[in-house]
Amino acid sequence: MSGEYKPGLEGIPATQSNISYIDGQQGILEYRGIRIEELCAHSSFLETAYLLIFGELPTAVQLQQFESDILYRRRIKYRIRDMIKCFPESAHPMDALQTCVSALGMFYPLTYKDFHDPQYTYDASTWLLAKVPTIVAAFQLMRKGNDPVLPHDDLSYAANMLYMLNEKAPDLEVAQIFDTCLILHAEHTVNASTFCALVTASTLNDPYVVLASAIGTLGGPLHGGANEQVMQMLEKIGTVENVGPYLAEKLARKERIPGFGHRVYRTKDPRAIVLQRLVEQLFDRLGHDRYYDVAVALEEQGTERLGEKGIFPNVDFYSGLIYRKLGIPTDLFTPVFAIARTAGWLAHWREQLSDNRLFRPTQVYTGRHDVRYTPLTARSGRALQ
Ligand code: CMC
């Protein structure tokens with residue numbers, strides 16, 4: 001049986017899901033039916049993570065329990081730290097994160113591997129949400145030759161992450177802005193990394209492997225890696241005056257502008273709209289950054305040139321400006337994205353297990369048939385393609 005082949009599976013439903021919803025024409029994103037703007041205004045990242053994974057907003061008691069379970073699971077074993085010590089300093093933090101997350105499964109095996117036991121998914125979810133930020137921060141400090149900072153029990157999830165990275169607790173407003181960034185990156189339907197998580201989940205491998213495979217997929221420059229490229233681009237452009245020539249040259253060479261375009265949105269990504277507001281709020285608090293002016297000019301001129309094709313700024317366009325101001329190095333932007341997206345990946349893992357069927361798509365074969373084996377001495381040799 002063969003169907004029509006669609007490169008990139010564009011428009012082909014890979015699953016049924018009630019976790020999140022995108023209206024790409026109108027620029028709407030909902031988590032479990034709640035608009036992203038509403039969650040950013042009223043929720044916290046951990047409450048949103050609970051909503052995504054378990055399907056409903058938690059009660060006060062459930063939220064307190066969830067937050068406290070995560071709080072007490074934040075530390076990582078010294079052997080994981082020893083493993084990080086052996087990584088080359090030049091390693092990309094996404095590679096370090098992927099390696100450590102897959103190793104977590106060896107250190108925290110879920111002995112009662114019963115996919116239908118709610119305790120199983122709850123434990124795996126709290127372990128992973130708790131430990132992923134600690135790994136990212138430990139790698140950052142250890143590659144500079146420093147000891148990692150232990151998680152701070154008095155700090156919220158977002159504030160603790162910044163504390164572990166910068167060795168200094170942020171003020172409440174700054175922590176709140178970072179927390180909102182995590183909400184915005186927590187989930188986004190069946191994108192490349194989530195699809196990868198679903199495929200791995202469908203084999204009934206453990207959640208650490210599910211997450212490690214998703215992290216590997218998120219790291220690519222066409223997916224989560226674009227936020228890093230946006231910051232590098234803004235630095236390269238340098239001034240508002242250079243935006244026009246840069247754009248003209250890039251488009252003449254038919255190259256893509258990082259942070260622009262999306263497979264689903266045909267308007268400005270609703271997350272980019274909130275993120276732009278957060279940039280302004282953060283810069284009011286901590287001081288202006290000239291790269292914001294470059295970004296605004298690039299959005300304006302880029303939209304003039306690309307808007308008619310439905311290409312507008314996506315989630316990666318403004319997030320880097322916030323992270324940079326928070327003292328997060330450029331190559332940690334995607335790991336920070338991964339910290340947030342852990343919530344979405346876990347939600348899809350849980351949903352996949354609830355009605356699992358092994359992914360086994362088909363292919364359209366384009367090769368030859370009935371080819372005879374040519375003995376070595378009779379081969380003429382063809383250049384590798
Ligand atoms: N800059 C310039 N032109 C673009 C861009 C861009 N960023 N994105 C798409 N186009 C053009 C593309 O050249 C094509 O033009 P034409 O029809 O004249 O050949 C047209 O728009 C349609 O492109 P496509 O390749 O069919 O679009 P796609 O849906 O496959 O691409 C995308 C989606 C995200 C891969 C692409 O927009 C892109 O490469 N963007 C830059 C990288 C980026 O910012 N990625 C982050 C995506 S959002 C977060 C995430 O998923 O992690």
Side-chain angles (χ1 to χ4, degrees), residues 5-12 14 20 22-25 27-29 36 94 97 181-198 213-234 236-237 243-244 246-276 295 297-323 330-345 348:
Y5 165 57
K6 291 270 198 166
L9 297 184
E10 184 166 1
I12 301 198
S20 63
I22 302 172
D23 181 328
Q25 296 299 328
I28 293 172
L29 171 61
I36 188 77
M94 279 300 272
L97 178 62
C181 291
L182 296 180
I183 295 178
L184 288 166
H185 287 84
E187 160 61 9
H188 209 234
T189 76
V190 188
N191 49 70
S193 57
T194 302
F195 179 54
C196 181
L198 287 181
S213 59
I215 290 168
T217 310
L218 183 71
L222 293 187
H223 193 9
N227 52 15
E228 222 177 275
Q229 292 197 326
V230 172
M231 205 57 242
Q232 285 157 359
M233 169 180 66
L234 296 178
K236 191 170 166 202
I237 297 175
V243 167
Y246 174 86
L247 201 59
E249 197 186 318
K250 202 85 175 144
L251 295 181
R253 279 196 261 127
K254 298 213 173 301
E255 286 176 8
R256 303 206 165 191
I257 314 298
F260 267 82
H262 198 278
R263 180 62 62 77
V264 184
Y265 293 116
R266 290 292 165 258
T267 180
K268 186 170 173 181
D269 187 326
R271 301 167 296 173
I273 297 172
V274 181
L275 282 163
Q276 187 173 6
L298 184 60
E299 170 174 356
E300 205 179 289
Q301 297 179 39
T303 302
E304 262 172 38
R305 302 281 304 267
L306 298 166
E308 60 181 21
K309 285 192 201 170
I311 311 289
F312 295 92
N314 61 44
V315 67
D316 292 319
F317 194 71
Y318 286 108
S319 58
L321 286 162
I322 297 180
Y323 299 155
T330 309
D331 64 358
L332 282 197
F333 292 177
T334 318
V336 167
F337 190 160
I339 289 170
R341 189 52 60 85
T342 295
W345 291 327
H348 284 275

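Read the numbers this way: they start at 1 and go in the same order the structure lists the ligands and their atoms.
In this structure, the side chains of Gln276 and Lys268 come closer than 4.5 Å at one or more pairs of heavy atoms. By the 4.5 Å heavy-atom criterion applied to side chains, Leu251 and Leu306 are counted as neighbours.
Taking every heavy atom of Gly259 and a limit of under 4.0 angstrom, the matching atoms of ligand 1 come to 43 (C), 44 (O). Remark: ligand 1 atoms within the under-4.0 Å shell around heavy atoms of Gly224 are 52 (O). Interface of Ala226 with ligand 1, defined as ligand atoms under 4.0 Å from a residue heavy atom, comprises 43 (C), 44 (O), 45 (N), 46 (C). For ligand 1 and Gly261, the ligand atoms under 4.0 Å from any heavy atom of the residue are 34 (C), 37 (O).
For atom 51 (O) of ligand 1, the nearest protein heavy atom is under 4.0 Å away. In this structure, atom 22 (C) of ligand 1 has its sub-4.0 angstrom surroundings free of protein heavy atoms. Inside a 4.0 Å radius of atom 19 (O) of ligand 1 there is not any protein heavy atom. Protein heavy atoms are absent from the space less than 4.0 angstrom from atom 26 (O) of ligand 1.
Atom 3 (N) of ligand 1 has Leu306 CD2, 3.8 Å as its closest protein atom, hydrogens excluded (heavy atom only). Counting protein heavy atoms only, atom 15 (O) of ligand 1 is closest to Lys309 NZ, 3.2 Å. Among protein heavy atoms, the minimum distance from atom 47 (C) of ligand 1 is reached at Asn314 ND2, 3.6 Å. If you check which protein heavy atom lies closest to atom 10 (N) of ligand 1, you get Ile311 CD1, 3.7 Å. From the protein, the heavy atom lying nearest to atom 46 (C) of ligand 1 is Asp316 OD2, 3.3 Å.
If you look at Ile257 next to ligand 1, the close heavy atoms, those under 4.0 Å, come from the backbone and the side chain alike. Contacts between Leu222 and ligand 1 below 4.0 angstrom, taking non-hydrogen atoms only, involve backbone and side chain alike. Using a 4.0 Å cut-off between heavy atoms, His262 contacts ligand 1 through both its backbone and its side chain.
Here the closest heavy-atom approach between residue Phe317 and residue Pro258 is recorded as CD1-O, 4.1 Å. In this structure, Thr334 and Gly225 approach most closely via the heavy-atom pair OG1-CA, 3.6 Å. Residues Leu298 and Leu247 share a closest heavy-atom pair of CD1-CD1, 3.8 Å. Considering every non-hydrogen atom in both His188 and Tyr265, the closest pair reads NE2-OH, 2.8 Å. In terms of heavy atoms, Thr217 sits closest to Cys196 at OG1-SG, 3.2 Å.
Of the listed options Arg341, Arg263, His188, Arg256, Arg256 places a heavy atom closest to atom 35 (C) of ligand 1.
Within the 4.0 Å heavy-atom shell around ligand 1 one does not find Asn191.
Checked by atom type and distance alone, the side chain of His223 pairs as donor or acceptor with a backbone atom of Ser193 at under 3.5 Å. Side-chain atoms of Asp269 never come within 3.5 Å of backbone atoms of Pro313 as a donor-acceptor pair (strictly under, hydrogens ignored). With Asn314 contributing its side chain and Phe312 its backbone, the two residues share no donor-acceptor pair below 3.5 Å. Side-chain N or O atoms of Arg341 include one that pairs as donor or acceptor with a backbone N or O of His185 at under 3.5 Å. Side-chain atoms of Glu187 come within 3.5 Å of backbone N or O of Thr189 as a donor-acceptor pair.
The shortest N or O to N or O distance between Phe260 and ligand 1 is under 3.5 Å. Residue-to-ligand polar distances place His223 within reach of ligand 1: an N/O pair is separated by less than 3.5 Å. For ligand 1, the polar-atom distance check against Arg271 finds no nitrogen or oxygen pair separated by under 3.5 Å.
One distance of note links CD1 of Ile215 with CZ of Phe337; it measures 12.0 Å at 0.5 Å rounding.
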